[in-house]
Every structure is written in structure tokens, then in C-alpha cells.
J.: 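My structure is below; once you've seen it, I'll send some questions.
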Amino acid sequence: MSWRSADEPPITLPRDPAREAARHELSKGMYHENDPSWYERAMNAFWEWLDKVFGAASAATPGGMLGLVVIVLAVLALLGALWWRLGTPRRAPTSSTVLFDDRPRSAAEHRAAAEAHAAQGHWNQALQERMRAVVRSLEERALLDARPGRTADEAASEAGSALPAHADRLRAAARDFDDVTYGGRSAAEGTYLRLAALDTDLERTRPALASSAADTATTALTNRPGAAE
């Protein structure tokens, strides 16, 4: 075995292989045990970005950082005032859900349930049951066909054609039902009493088609040759 003398230059490696060897060595897990996680890196990047944004905003705002804080507080105060004045935004009510549940009940049963809720001051439930009583009563009188998937708006529109004198009140009742059931609003005693009065009036009203048919039949009998004068 021959030994290199002290005068000989040390062993050197080319630059690229040396860099690759160092990268390979540093890629081992033992060198990265204490590295921050991806979540920590993401949060650090977010806070750095936020700091730059606030720094740029404070530089462009009269008064610097203090002026920026005042503007932010003013905007928050304005939003709070609008929220207090207008209330929480509500989704527009839609009758996407059917009026009745799976278990069919008669109009009398729905009315009894409505009165029971009203006696306890549960006006939301009372109004819902009374609206169901109205629609079920119209179905029992054959003014509406019995259709399980019908909504309150559909029932009001169809019933208004047969009972045009009550069409506006039927549409208003359907809106009240939708507001309570889907719009997150609360019914009042007066709202329920109006619906109960409508239910009573509908019970006493003859359909327009039946009245027209009766009038036509009476006119035909009167004008028939040989009819009593």
C-alpha cells in the first residue's frame, strides 16, 4: 500500500456530484424531525401576507396604523348598525316541501289539532294545522283533487279558481304558511284567527262552477218550451 505524501493535493470531487451528494444526505429524515408541519408553514405564510397587507394599507392611510384601525372600527360599527336595523337576512320562503305528512288525517282532525295548539299559544303550529284543515276540507268537498305532493301555494292557486271570491285570502294564507314553515318567522294570534275565519267562510261558500252550472240548468228549464210561466 502506498501513502500520499503531504505535498500532494487533497482529494477533490467535481462540484455537481458533490452538490448531489449533499442534497441526498440532507434529504434523510433525521435532518427534518423538527421541521414545521404543512399547516404551520401555511399559517406562517398567511400571517406574513396579512402583515404585508396591513403594512401597505397603513402606509396609504392618513394617520398610519392608527388611522387604519379607526377606519376598520367605523366599518364594523356601520355593519353592526345595519344588522341591528334590518335583522338577520332570511332566505326567501319557498314551498318546496309538501303540505301534508305521510299519515293522512281528516279536516276535522287538523282543526282539532289547530285549536289545541292555539289554546296553548303555539301559534306557528296552530296556523300550520289550520292551513292543512283548509286544504283537506277542500279535498273532501271535491273542490281539490286529493294529491299528497301538493304545496300550500299550489292549493291556494287551484282553490282560488273554484272559489274566486276568496282567492286573495287563500293566497295570503299560503304566504303566511310559507313564512312560518320555511321562512323562519313567527305567527301571531291575529294571523291564526284570520285563517280560522277563512276556514269557516270557505265551509259556507259554494264553488263558482257549481253555481254557474245550477244557474245554467235553471235558465235552460225556464226557457224550455212548455215550461211553467
Side-chain angles (χ1 to χ4, degrees), residues 83-222:
W83 191 2
W84 176 81
R85 180 66 180 84
L86 302 177
T88 303
R90 293 189 177 96
R91 182 175 55 87
T94 56
S95 295
S96 59
T97 306
V98 296
L99 184 63
F100 296 100
D101 53 20
D102 294 334
R103 186 177 73 85
R105 289 185 290 174
S106 66
E109 289 177 309
H110 284 297
R111 287 192 187 100
E115 290 299 324
H117 285 302
Q120 300 178 21
H122 301 161
W123 302 115
N124 283 12
Q125 295 86 341
L127 184 141
Q128 290 170 327
E129 287 296 330
R130 197 74 186 212
M131 186 63 188
R132 294 182 179 114
V134 167
V135 176
R136 184 67 77 205
S137 176
L138 295 174
E139 292 177 348
E140 292 173 352
R141 295 170 60 191
L143 298 179
L144 292 177
D145 60 306
R147 180 153 50 89
R150 177 183 285 113
T151 64
D153 288 337
E154 293 170 346
S157 178
E158 295 170 14
S161 300
L163 303 169
H166 301 287
D168 292 339
R169 296 171 69 190
L170 283 165
R171 284 193 293 269
R175 284 195 300 270
D176 291 336
F177 179 88
D178 289 344
D179 288 343
V180 168
T181 307
Y182 314 110
R185 298 185 180 178
S186 298
E189 180 180 3
T191 308
Y192 171 74
L193 293 179
R194 285 196 299 271
L195 180 54
L198 173 62
D199 187 19
T200 301
D201 292 343
L202 290 175
E203 285 290 295
R204 300 171 180 170
T205 303
R206 290 191 304 167
L209 294 178
S211 299
S212 299
D215 293 341
T216 302
T218 301
T219 302
L221 290 174
T222 302

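Nothing fancy with the numbering, it's 1 onward along the sequence.
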J.: What's the separation between atom CZ in R141 and atom CD in E203, rounded to the nearest 0.5 Å?
T.: 5.5 Å
J.: Give a yes or no on whether the backbone of G160 and the side-chain of R171 come within a donor-acceptor separation of less than 3.5 Å.
T.: no
J.: Hey, are the side chains of L202 and L143 touching, using non-hydrogen atoms and a 4.5 Å cut-off?
T.: no
J.: Distance check, rounded to the nearest 0.5 Å: R150 atom CZ versus D145 atom CG?
T.: 5.0 Å
J.: Between atom CG of D153 and atom CG of L170, what is the distance when rounded to the nearest 0.5 Å?
T.: 11.5 Å
J.: Taking N124 for the side chain and A187 for the main chain, is one N or O donor matched with an acceptor at less than 3.5 Å?
T.: yes
J.: Which heavy atom of A118 sits nearest a heavy atom of A126, and at what distance?
T.: N-CB, 3.7 Å
J.: How far does CD of E189 sit from CG of L127, to the nearest 0.5 angstrom?
T.: 12.5 Å
J.: Looking only at side-chain N and O atoms, does E115 offer a donor or acceptor that is under 3.5 Å from a partner on Y192?
T.: yes
J.: For the NE2 atom of H117 and the CD atom of Q128, what is their distance to the nearest 0.5 Å?
T.: 8.5 Å
J.: Please determine whether side-chain contact (heavy atoms from CB on, under 4.5 Å) holds for the pair T191 and V180, giving the CA-CA distance in whole Å, both sets of side-chain angles, and the decisive distance to 0.1 Å.
T.: CA-CA 11 Å; T191 308; V180 168; over 6 Å; no
J.: Tell me if a side-chain donor or acceptor on R136 pairs with a main-chain N or O of R105 at a distance below 3.5 Å.
T.: yes
J.: Indicate yes or no: at least one non-hydrogen side-chain atom of R169 is less than 4.5 angstrom from one of D201.
T.: yes
J.: Would you check if there is a donor-acceptor pair between the side chains of S106 and E140 at a distance under 3.5 Å?
T.: no
J.: How close do A152 and A174 get, heavy atom to heavy atom, and via which atoms?
T.: O-CB, 3.6 Å
J.: Find the distance between OG (S161) and CG (L144) and round it off to the nearest 0.5 Å.
T.: 9.5 Å
J.: Is any side-chain heavy atom of L198 closer than 4.5 Å to a side-chain heavy atom of R130?
T.: no
J.: Regarding D178 and R175, does a basic nitrogen lie under 4.0 Å from an acidic carboxylate oxygen?
T.: no
